[in-house]
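Have a look at the structure below before the remarks.
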There are 2 protein chains.
Amino acid sequence: MLHDKLTLRDKKKEATAAALAETAFELALEHGLDGFIVDDVVKKAGYSRRTFANYFSCKEEAVAAGAVTVKNEEEYTALLFASLPPDTTPLDMLYRLMTMQLTKDFLLKLRRFVSLAKGYPTLEPYSLSILHRLQMAAQQLLAEFAGERYPAEYTHLLAGAVYGAFVPVLDGSMNVLLPGEEPGDQTDAITFEQYLNSTFAYLRNGF
Amino acid sequence: MLHDKLTLRDKKKEATAAALAETAFELALEHGLDGFIVDDVVKKAGYSRRTFANYFSCKEEAVAAGAVTVKNEEEYTALLFASLPPDTTPLDMLYRLMTMQLTKDFLLKLRRFVSLAKGYPTLEPYSLSILHRLQMAAQQLLAEFAGERYPAEYTHLLAGAVYGAFVPVLDGSMNVLLPGEEPGDQTDAITFEQYLNSTFAYLRNGF
DNA sequence: GTGCAATGATGCACAATGTGCAAAGTTTAC
DNA sequence: GTAAACTTTGCACATTGTGCATCATTGCAC
């Protein structure tokens, strides 16, 4: 595991990017994607348009980045390694990781992004790439945690299947009730926890 | 199944979009994504810039659309319904569908797009959305073919896991040899067929 | 701490892209 | 055949993207 020490310069860069991304996401939620322009973002965040372009290649990218902050992987690593016996299977490890990654807060922000994206076709490709970032982080952790016990073909394939199983939740094919959401009139909705558990049951025992 | 009859107007629209998309993809392969501008595309294809904007919201979208043509779903439907016994499981049906969708030609074009996208960050989000289009088509077919025998929660989850398992092939996490490609110096590469089969074996029997 | 190298932030000019609107050309439906 | 519906296009203009030079800040060696 690379423990890249964060220099002051790096921290400032991260802060700049985060400020711009969060501001972009806020404006998108408040006014819609076409209800503001990049100049609004940089003015509100206190940067120049040129700086925005140094970090994001378009408005969409910034909004997507602001929707979810993929947490520091090192944090997860420490937690995972501490809480799991060394002979834990990759599947069990992913289950544990997902319960950490997919916090209530994360899921709700993600859902807000996804429903925003429904109204703006240019935003849609980014929904999947958010999930993909999580998947990449998971692959990395799997490799560290189980790389010596399981071949990469296995762990990568597994990670793909696990995260792929959540795509239908993202793209709206399935009505899944996130933690904290009320059932409302959706009689056929299942809870996210139920979906998570049945996903792993299928993956564990076969479809 | 909706048999939307294709009127002449619809066919022309499709032709316009296809011509623009294919031209964009060709130019991207030949000169790189930043080696041409939208005006080059429309000039070569014989349309106006304004028409381009009627179909695609940016260059990237057109290039991605040109990379793969998701075949007519009706064609698949007919083939599937004809070749499978009515009690076929969704998993078996997806296996059959994938061998039809993921033709050698399709895979090679997809790979060309993906390696192009590696060099251009703005293109990357579209890689996943190509696979996602296939997944949506598969969900539709599954619903028609097995919707009365299996609940949507099952078929959607399954489709997600199946297509998700191919993400590592797309994003470059895995070295998979496409049909027709030479092994070269990649001693650790497995063939696409092997990957397909081991994927379905894991999904069938559990990880 | 001082000074120099490395790098981030910015302004500017210009190229490229995105969009509303109205006119002109096609297709559809009756 | 004709009118309605729709596609394509031109135009004007708003917005976005990019190369480059410069200034400000940080990193590093001493």
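Each chain gets a letter, A, B and so on, in the order the sequences are listed, and its residues count up from 1. Reckoned from all heavy atoms, side chains included, excluding hydrogens, waters and symmetry mates. Please read all numbers here as calculations on a predicted model, not as lab measurements.
Between B:Phe36 and B:Lys59 the shortest heavy-atom distance is O-NZ, 2.9 Å. Scanning all heavy atoms of the two residues, the minimum distance from A:Leu142 to A:Met93 falls at CD2-SD, 3.3 Å. A:Ser198 and B:Leu157 make their closest contact through OG-CD1, 3.7 Å (heavy atoms, listed as atom of the first residue, atom of the second, distance).
Distances from the side chain of A:Asn54 to the nucleotides D:dC6, C:dG8, C:dT10 place C:dT10 closest. Of the candidates C:dA16, D:dT16, C:dG8, the closest approach to any side-chain atom of A:Lys59 belongs to D:dT16. For B:Thr7, the side-chain atoms get nearest to C:dT28 when compared with the rest of C:dT28, C:dA13, C:dT7. Among the nucleotides D:dC6, D:dT16, D:dT26, the one closest to the side chain of A:Arg9 is D:dT26. Looking at the side chain of B:Thr51, the nearest of the listed nucleotides C:dT10, C:dT26, D:dT8 is D:dT8. The B:Arg49 side chain lies nearest to C:dT19 when the options are C:dT28, C:dT19, D:dG10.
Nearest-nucleotide mapping onto DNA chain D: of A:Ala53 and B:Thr16, the residue sitting toward the 5' end is B:Thr16.
Between A:Asp34 atom CG and C:dG20 atom P there is a gap of 8 Å when expressed in whole angstrom units. The NZ-P distance, from A:Lys11 to C:dT7, rounds to 19 Å in whole Å. Rounded to whole Å, the distance from NZ on B:Lys13 to C1' on C:dT28 is 14 Å. In this structure, B:Asp10 atom CG and C:dT26 atom P are separated by 18 Å, rounded to whole Å. Put simply, OH on B:Tyr47 is 22 Å from P on C:dA24, counting in whole angstrom units. Rounded to whole angstrom, the span from the CG atom of A:Asp40 across to the C1' atom of D:dA14 amounts to 13 Å. In this structure, the NZ atom of A:Lys12 is 14 Å from the P atom of D:dA24, given to the nearest Å. Going from atom CD of A:Glu61 over to atom P of D:dG17 covers 10 Å, rounded to whole Å.
At the heavy-atom level, B:Phe36 lies nowhere under 4.0 Å from the strands shown. Looking at heavy-atom distances under 4.0 Å, B:Phe52 makes no contact with the nucleic acid at all.
No cation-pi contact links A:Lys104 to A:Phe192, judged by a cut-off of 6.0 Å to the six-membered ring centre and 45° from its axis.
Contact annotation: B:Tyr55 reaches the phosphate of D:dT8 (side-chain N/O to OP1 or OP2, under 4.0 Å).
For the residue pair B:Asp171 and B:Ser173, a side-chain donor N or O sits within less than 3.5 Å of a side-chain acceptor on the partner.
Scanning atom types as modelled, one donor and one acceptor separated by under 3.5 angstrom connect the side chain of B:Arg50 and the base of C:dG20.
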